[in-house]
Amino acid sequence: MDAEARLAAALGAAAAPARDPAFTLAVIRAAEADRFKTEALRSMLSSGAVAAAAACLMLLLAGWTAVNWQGVQGGILGAGGIFALVATARLMTQRLAPAAAR
Amino acid sequence: MSPNDEARLIAAARKGDSRAYAALVDAHQQAVRGFLRRFAGHWADADDLAQEAFVTAWRKLARFEGRSSFRSWVSGIGFRIARDAKRAHGRAQVRDSDWLNEQDAGEEGAPVEDRIAVTRAMAELPDEQRAVVALCLGEGFSHSEAAEILKLPLGTVKSHVTRGRERLLRALETEDGR
C-alpha cells in the first residue's frame with residue numbers, strides 16, 4: 001500500500017463514526033430543553049415587564065393624587081353623584097316598564 | 001437526502017417540528033461528528049461539541065439562508081464552538097492517543113500505528129490547517145465548501161490541504177523509519 005492510500009485509510013478509519021440514533025435523541029432532548037428554558041425565560045421577562053409597568057403606573061397615580069387631592073376629591077364626589085343619578089334612573093325605568101306594558 | 005427533501009425538513013423544523021429536525025440530525029450527524037473528531041482529536045469531546053453545534057443550529061435555524069448546505073452550515077457552527085472551547089480551556093493540542101490502542105485495528109482497515117501517527121501529526125497542525133484537512137481529506141468536503149465553512153479564501157484552503165497532506169505523509173514516513 002502506498003503512502004497516499006495509507007494516509008487515506010488512517011484518516012478515514014481514525015474517526016469515522018457510525019450513525020447513532022442515541023446521538024440524534026440526545027440532540028433533540030437538549031434542543032427541547034433549550035427551547036423550554038428560552039420560552040420560560042421570555043415568559044418570566046414579559047411578566048416582569050408588565051408587573052414593573054403596572055407598579056410604575058400605580059406610583060405615578062399615587063403621586064399625582066397626593067399633589068391634586070382637592071381635584072381628586074371633587075372628581076370622586078362628581079363620579080359618585082353621576083353613579084347615584086344613573087342608578088336611580090335605571091331603578092325607575094325597571095319599575096315603570098312593567099306598568100307601561102300592562 | 002435530496003436538496004428538496006432537505007429544504008422541506010428545514011422549513012418544517014423552522015416551524016418547531018422536532019421530528020423534522022431529528023431527520024436532519026440523523027442525516028448529517030456522521031459528517032459533523034467525523035469532522036469534529038478529527039479536528040478536536042478526542043471522541044467524547046467531539047461528540048459533545050457536535051451535539052452543541054446541532055442544538056445551536058436548531059436555535060438559529062431562522063437565520064439559515066440556504067446559501068450553503070445544511071451540513072456545511074452546522075459544520076461551520078461546530079468549528080467555531082470547538083475553536084472557542086479550545087481557547088477557553090487552553091487545552092493542549094497533543095492528546096493522549098491511548099484510546100486508539102483500544103480499537104480493533106483489523107476492523108477499521110488501517111494499522112493502529114498509522115492511525116496513531118496520523119492522529120499525532122493532525123494534533124500538531126495549526127487549527128485552521130487541521131480543520132481544512134479534517135474537512136477535505138477526512139470527510140470529503142470540497143475546497144469551496146471548506147472555504148465557506150471556515151470563512152477562509154479558497155486559495156488558503158487549497159494551500160492548507162497541500163501542506164497538511166505533506167505533513168501527514170511525512171509523519172507516516174517517519175513512522176516507517178522507526
Side-chain angles (χ1 to χ4, degrees), chain A residues 1-68 72 79, chain B residues 16 18-19 21-27 29-41 43 46-48 50-59 97 100 103 105 107-119 122 133-134 137-140 165 168-173 175-176:
Chain A
M1 195 158 51
D2 68 358
E4 285 281 355
R6 279 172 61 197
L7 175 60
L11 263 176
R19 187 176 284 194
D20 181 5
F23 176 84
T24 304
L25 192 64
V27 168
I28 296 304
R29 277 190 184 152
E32 291 288 358
D34 182 75
R35 183 160 68 173
F36 177 75
K37 206 165 68 180
T38 310
E39 278 175 12
L41 187 71
R42 191 177 297 153
S43 154
M44 205 172 73
L45 282 175
S46 75
S47 306
V50 168
C56 277
L57 269 175
M58 290 297 286
L59 277 173
L60 280 173
L61 190 67
W64 183 84
T65 306
V67 172
N68 302 288
V72 172
Chain B
S18 55
R19 281 190 182 192
Y21 195 65
L24 284 168
V25 173
D26 211 42
Q29 58 154 290
Q30 283 172 290
V32 177
R33 287 165 65 212
F35 160 56
L36 289 172
R37 282 180 182 192
R38 289 181 180 92
F39 179 70
W43 289 33
D47 276 5
D48 285 349
Q51 183 175 323
E52 205 180 324
F54 277 111
V55 172
T56 306
W58 164 258
R59 205 185 302 135
S97 299
L100 274 170
Q103 297 172 80
E107 230 177 57
E108 300 286 354
V112 76
E113 296 81 12
D114 283 1
R115 284 188 278 141
I116 291 173
V118 166
T119 304
M122 280 283 281
V133 168
L137 300 184
E139 287 301 323
R165 180 190 277 125
L168 296 183
L169 286 171
R170 260 204 310 275
L172 283 178
E173 283 163 13
E175 180 63 32
D176 289 341

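Every chain is numbered from 1 and lettered A, B, ... according to where its sequence line falls, protein lines coming before strand lines. These numbers come from a predicted model, not from an experiment.
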Trace of the side chain to side chain contact (heavy atoms under 4.5 Å, CB included) decision for B:Gln29 with A:Val27: CA-CA 10 Å; B:Gln29 58 154 290; A:Val27 168; over 6 Å; no
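- Proximity to chain A (any heavy atom under 4.5 Å) is shown, for B:Ala23, by neither the backbone nor the side chain.
- Distance check: B:Asp26 CG to A:Thr24 OG1 gives 4.0 Å after rounding to the nearest 0.5 Å.
- Note that the CG atom of B:Leu168 and the CZ atom of A:Arg6 stand 12.0 Å from one another [nearest 0.5 Å].
- Proximity to chain B (any heavy atom under 4.5 Å) is restricted, for A:Ile28, to the side chain, taken from C-beta onward.
- Of the residues considered (A:Thr38, A:Asp20, A:Leu25), A:Asp20 shows the highest number of contacts with chain B, using heavy-atom pairs under 4.5 Å.
- A donor-acceptor contact shorter than 3.5 Å is absent between the side chain of B:Arg165 and the backbone of A:Glu4.
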